[in-house]
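As the structure lists them, so they are numbered: ligands from 1, and atoms in each ligand from 1.
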Amino acid sequence: MIEKKHETNENIIWHKQHVEKEDRVRVLSQKPCILWFTGLSGSGKSTIANAVELELFKRGRKTYLLDGDNVRHGLNKDLGFSEIDRIENIRRIGEVSKLFVDSGLIVLTAFISPFRSDRQIAKSLVKYDEFIEIFVDTPLEICESRDPKGLYKKAREGAIKNFTGISSPYEEPEEPHIHINTEKHTVQECTDIVINHLIKHGYIQGDENDYAI
Ligand SMILES: Nc1ncnc2c1ncn2[C@@H]1O[C@H](COP(=O)(O)OS(=O)(=O)O)[C@@H](OP(=O)(O)O)[C@H]1O
Ligand SMILES: Nc1ncnc2c1ncn2[C@@H]1O[C@H](COP(=O)(O)OP(=O)(O)O)[C@@H](O)[C@H]1O
């Protein structure tokens, strides 16, 4: 049984600020949102999120990429991979993403985020059209054959406990906004799928070269 600590303080009152989200959005001239990549370790989250961010950057969009490995070196370095720590990891990422959306940015997150309920909580923190769930759907066998960091090998040898897909669960998204099959598509094609979704749904503007694929 996981014990959750919920402390509310009725003496803390929200302070209204002079510069509001609408003002920041107007200055940046873009529709902020969260591109929430989820999938197994080695599925391609970081690779695709990085490529999408680079493409957005080239198009003059203001972005920020939060990546699991990197955030666990700083903000979340106190967390491990138990169920309770993963829940807290994703809770913090959801809250940080919400702040970045409030600042007007297009946020990209690349975390395994294995539990549906945690992704749902992150989604509920922003407006319904500000959360885009991207399932990087790569079967375990493929992730394991890629094993870019040698972690699957260690997990199989028992050197890493609670490893997602092997000794810890991954709950697939049921209705992701974008479903990417990395066996079928190259990194460039996966990137184009995300960019085309953003154009089609009015998050960014396209140019004459778009839809050429
Ligand atoms: N036990 C275990 N299970 C899964 N992954 C592990 C584990 N231990 C270390 N790693 C490395 O940590 C990265 C996953 O961190 P995340 O913050 O994305 O995980 S989670 O969302 O909290 O489940 C993950 O990075 P990615 O490969 O980029 O997904 C691994 O490199
Ligand atoms: N279509 C593809 N999309 C993303 N990554 C791919 C693809 N095909 C092969 N790869 C490779 O798979 C590996 C994925 O690693 P990574 O992006 O770190 O995954 P994750 O962040 O999900 O752990 C990289 O070595 C990448 O080059």
Quiz item: Can you tell me the protein heavy atom closest to atom 12 (O) of ligand 1 and the distance?
Solution: F81 CZ, 3.2 Å

Practice problem: Go through ligand 1 atom by atom and flag the ones less than 4.0 Å from a non-hydrogen atom of T164. | Solution: 3 (N), 4 (C)

Quiz item: Counting from 1, what ligand 1 atoms have a heavy atom of I160 closer than 4.0 Å?
Solution: 1 (N)

Exercise. Please could you name the atoms of ligand 1 that G42 approaches to less than 4.0 Å, counting only its heavy atoms?
Key: 27 (O)

Practice problem: Compute the minimum heavy-atom distance from S43 to ligand 2 and say whether it is under 4.0 Å. | Solution: yes

Quiz item: With a 4.0 Å heavy-atom cut-off (strictly under), which part of N76 contacts ligand 1: side chain, backbone, both or neither?
Solution: neither

Quiz item: Judged by modelled atom types alone, do Y170 and T38 share a side-chain donor-acceptor pair under 3.5 Å?
Solution: yes

Quiz item: Between N181, T191, T47, N50, which one has a non-hydrogen atom sitting closest to atom 27 (O) of ligand 2?
Solution: T47

Quiz item: Nearest to atom 26 (P) of ligand 1, what protein heavy atom do you find, and at what distance?
Solution: K149 NZ, 3.3 Å

Quiz item: Going by the order shown, which atoms of ligand 1 are within less than 4.0 Å of some heavy atom of I90?
Solution: 21 (O)

Quiz prompt | Proximal atoms of ligand 2 relative to T182 (non-hydrogen, under 4.0 Å) | solution = 1 (N), 2 (C), 3 (N)

Self-check item: Residue K161 vicinity, atoms of ligand 1 by number, heavy atom under 4.0 Å
Solution: 1 (N)

Exercise. Number the atoms of ligand 2 from 1 as they appear, then name those within less than 4.0 Å of a heavy atom of S41, with their elements.
Key: 23 (O)

Quiz item: Can you list the ligand 2 atoms lying under 4.0 Å from a non-hydrogen atom of L40?
Solution: 22 (O)

Quiz item: How does D67 reach ligand 2, if at all, at less than 4.0 Å between non-hydrogen atoms: by side chain, backbone, both, or neither?
Solution: neither

Quiz item: Of all the non-hydrogen atoms in the protein, which one sits nearest to atom 3 (N) of ligand 1, and at what distance?
Solution: R86 NH2, 3.2 Å

Practice problem: Determine the sole option in I48, T47, I134 for which the side chain to side chain contact (heavy atoms under 4.5 Å, CB included) test with C190 is passed. | Solution: I48

Self-check item: Contact with ligand 1 for S113, non-hydrogen, under 4.0 angstrom
Solution: yes

Exercise. Within a distance under 4.0 Å of any heavy atom of K45, pick out the atoms of ligand 1 and give their elements.
Key: 29 (O)

Quiz item: Any side-chain donor paired with an acceptor under 3.5 Å for N76 and N89?
Solution: yes

Quiz item: Is I48 in polar range of ligand 2, meaning some N or O pair under 3.5 Å apart?
Solution: no

Exercise. Heavy-atom contacts with N162 under 4.0 Å: which atoms of ligand 1 show up? List them by number with element.
Key: 1 (N), 2 (C), 3 (N)

Exercise. Look at atom 12 (O) of ligand 2 and say which protein heavy atom is nearest, naming residue and atom and giving the distance to 0.1 Å.
Key: R146 CD, 3.0 Å

Self-check item: Proximal atoms of ligand 2 relative to H185 (non-hydrogen, under 4.0 Å)
Solution: 1 (N)

Self-check item: Heavy atom of the protein closest to atom 5 (N) of ligand 2 (residue, atom name, distance)
Solution: G44 CA, 3.7 Å

Quiz item: Any N or O of P148 that comes nearer than 3.5 Å to an N or O of ligand 2?
Solution: no

Practice problem: Can you sort out which atoms of ligand 1 are near P114, meaning under 4.0 Å from one of its heavy atoms? | Solution: 21 (O), 23 (O)

Practice problem: With atom 20 (P) of ligand 2 as the reference point, say which of G68, G39, G42 has the nearest heavy atom. | Solution: G42

